[in-house]
Amino acid sequence: MSKYTWRDLIKINSATDAYSSPLACLAHIDMNAFFAQVEQIRCGYSKDEPVVCVQWSSIIAVSYAARKFNISRMDTIESAMEKCPSLVPIHTAVFKKGENFWQYHDGFGSWSKDPKKQLSPEFYKVSLDPYRRESRKILKIFKEFCDVVEKASVDEVFLDLGRICFQRLMELDSSEREPAVMNFNELKDLFVRGKYDLDSKLPSIPEELKSLKFHGFVFQEENASLTDWDDVIFWLASKYVLEIRTCIQDTLGYSTSCGVARTKMLCKLGSNFKKPDAQVIILNKNINAFLDCGKFDITSFWTLGGLLGKQLVDILNLPSNRSINYIRENWQTPQELTTFITAEIKHTNFIPEHNKSDFERVDILAQKLYDISRGQFVTPLNPKPVVKTMMSNKNMRGKACSSLIDCISWLEVFCGELDSRVKELEREYNKVIMPKTVTVSLRTDKYVSFRKSGPLVHRSRSLNSEDLLKTGIKLITELNTKYNNKQACPNYYPLKNLNLSISNFEIMDIQKTIIDMFGNQTQLSKPDADSPKDSDKKIDDAYSKENAFYCDICEINSASLKEFNEHKDFHIATKLSESLNGTAEDSANLSLGEQRLLFPKKRRDKSNAKSQIKKPASKGNNNIFKYFSK
DNA sequence: TACTCACAG
DNA sequence: GGCTGTGAGTA
């Protein structure tokens, strides 16, 4: 007799409830040294060549080939080169100050001896866009294979394999299956004929299934034998995740690590257990052994990696031998844990400083700890992480941002980045995403920061880089006039940090936005007579008339007289800034944007287009130099 | 809404 | 260690 019921089994066929079934089967898949892999593949190196991904002079991802030389992320390029003279350092793509597109400069980097081949944080900002794009491609494959996918970060996902396993278990057509699997039929027949009670136990697994060979590494058991249906489900899962991982390897070239287990937490520990290019299966009967293997302690778990975890180690007096069984054996119930922690807090006068809320509900914390130590901490997958805010940020070194003009040049970078990130998301969701709030924030000193938010004044129905920039410039100018003076902030420039963020997203169906904007008109009008461009113009005209505080120079609206006046300050400020900064003769080191900004009539350098992966967005007549023209 | 903090990759 | 990002809590 199985220890699982029909209810447990049928539950895994539900996309929403499967995770909570005792027969749940999830996976966590992690890209090995993702950034390094992306660069290795992009540049056509083999996986045996020691590629590292570089940001300025530090290494941010080390391929497994490079790890063989004992190179870690802590190494500088120089020390890594010493360990491995054949090292292949590849710098991330970068935005140049004043430009709203990124590009790769292969062969360039801050490690280069030749100053002309150096990328410096003073003039560039790292772009992570290439990794996001690859991440989306990979995600797309996961979604083809699996109905419930949680994108946990740019290089990792959780999968709920419930439906797949259920269907494969119950599959009617057995022609493609291994002979032993034919015996699933016994279960299937009972199911199909409805000869079961939800609360009755499943039959035992057939003898022939007990010796199936798992795909991948079964923790602690070289020749794991299958004893119950959970094992059979995990066997099916091990086969299926290998298919997924092989597909990703074959179509995109990426190697992955994978953990298969009952809960997200166990999956995550599993995928991290063996790297690279491996899958680890943690059977339910091996959970405790896995947790006690000596590699984990309480701080190994999600959300306990920081201060909270350390505090718990102190309070519970946990041994340093990295073992979870201590908790399991010392506190048999969640209540015992609650009592202990409460007493200990009183006894030691422990005062949690920042994570106060965690200790206000000790019972919840104790329950969590109790479950974690037994591998029973169950959480659902979140298939829809909706964007709340999006930020483009830059820490400024030295004099990277020393004037209002510099600020605007960096804002152009930020707008380019945010615009393309929003477009990417729109493609993924097939929705229109429109932020309603824009925030510019800056730091002049370690502890002195200012910020200003405002509504995004947009003139078309999708986000565009130019409108975003106009709003950003308005905000940065207001900050500049307010704080860049002796009284408010004597050491305003050079800024230490500048960032632009968008928030308050309105997420609309593409179809819906058209109807919202035009009512039934869209359906009635002839396509030729009312082309999209005309429609846009109509909106623009209508919008302009509604707003009294309209700036003819910028073509933007202000919400109030006060705002309008502040906006006018901006024009005065930029003129001033221009007169201070616009006299440089040598424009060789200036970006295209800055050249346009300072020398609008001058012919611009158009070389360097070769290594460009992404085409710059069309500039049209909306160049920001017009702010400075007479 | 503005701001800080914690946590993660 | 530098950098990017998110969510929770607070006032």
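Note that the structure is a prediction, hence the values are computed from the model and not measured.
Between Lys268(A) and dG9(B), a side-chain N or O to OP1/OP2 separation shorter than 4.0 Å is present. Phosphate proximity of dC3(C) to Arg73(A): absent, as no side-chain N or O sits under 4.0 Å from OP1 or OP2. Contact annotation: Ser449(A) does not reach the phosphate of dC3(B) (side-chain N/O to OP1 or OP2, under 4.0 Å).
Of the candidate nucleotides dG5(C), dT4(B), dG7(C), dG5(C) has the atom nearest to the side chain of Arg421(A). Of the candidate nucleotides dC7(B), dG5(C), dC3(B), dC7(B) has the atom lying nearest to any side-chain atom of Leu308(A). Set against dC3(B), dC7(B), dC3(C), the side chain of Leu307(A) has dC7(B) as its closest nucleotide. Nearest to the side chain of Thr389(A), among dC7(B), dT6(C), dG9(B), sits dT6(C). Nearest nucleotide to the Leu128(A) side chain, out of dC7(B), dT4(C), dG9(B): dT4(C). Considering only the side chain of Asn393(A), dT4(C) comes nearest among dG2(C), dT4(B), dT4(C).
If you check every strand for non-hydrogen atoms under 4.0 Å, Thr439(A) touches nothing. Within the nucleic acid shown, Thr437(A) has no heavy atom closer than 4.0 Å to any nucleic acid atom. Across all strands shown, Asn504(A) has heavy atoms under 4.0 Å from sugar-phosphate atoms exclusively, and none from any base. Using a 4.0 Å heavy-atom criterion, one finds that Lys125(A) contacts the sugar-phosphate atoms exclusively.
Ring centroids of Phe296(A) and Phe290(A) are separated by less than 6.0 Å, placing the two rings close together. The ring of Tyr492(A) has its center no closer than 6.0 angstrom to the ring center of Tyr483(A).
Following rounding to the nearest Å, Phe35(A) (CZ) and dC3(C) (P) show an atom-to-atom distance of 14 Å. Between Trp302(A) atom CH2 and dG7(C) atom C1' there is a gap of 11 Å when expressed in whole angstrom units. Taking atom CD1 of residue Ile60(A) and atom C1' of nucleotide dG5(C), one finds them 14 Å apart after rounding to whole Å. If you measure from atom OH of Tyr131(A) to atom C1' of dG5(C), you get 16 Å, rounded to the nearest angstrom. In this entry the distance linking CE of Met265(A) with C1' of dC7(B) reads 13 Å, nearest Å. Rounded to whole angstrom, the span from the CE atom of Met31(A) across to the C1' atom of dA8(B) amounts to 18 Å. The CG atom of Leu475(A) sits 14 Å away from the P atom of dT1(B) (whole-angstrom rounding). Distance, Gln55(A) CD to dG9(B) P: 18 Å, rounded to whole Å.
Of the options Trp56(A), Phe108(A), Phe35(A), a ring-ring contact (aromatic ring centres under 6.0 Å, His included) to His91(A) is made by Trp56(A) and by none of the others.
Position along DNA chain C of the nearest nucleotide to Met390(A) versus Asn395(A) favours Asn395(A) as the more 5'-ward residue.
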List the atom pairs, donor and acceptor, that lie under 3.5 Å between side-chain atoms in residues 432-440 of chain A and the rest of the protein, sequence neighbours left out.
{"residue": "Thr437(A)", "atom": "OG1", "partner": "Asn504(A)", "partner atom": "ND2", "Å": "3.0"}
{"residue": "Thr439(A)", "atom": "OG1", "partner": "Ser453(A)", "partner atom": "OG", "Å": "2.9"}

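Qualifying side chain to side chain contact (heavy atoms under 4.5 Å, CB included) partners for Thr76(A), counting only residues two or more places apart in sequence or in other chains: Glu78(A), Ser79(A).
Geometrically, Lys295(A) engages Phe273(A) in a cation-pi contact, judged by NZ or CZ lying under 6.0 Å from the ring centre and within 45° of the ring axis.
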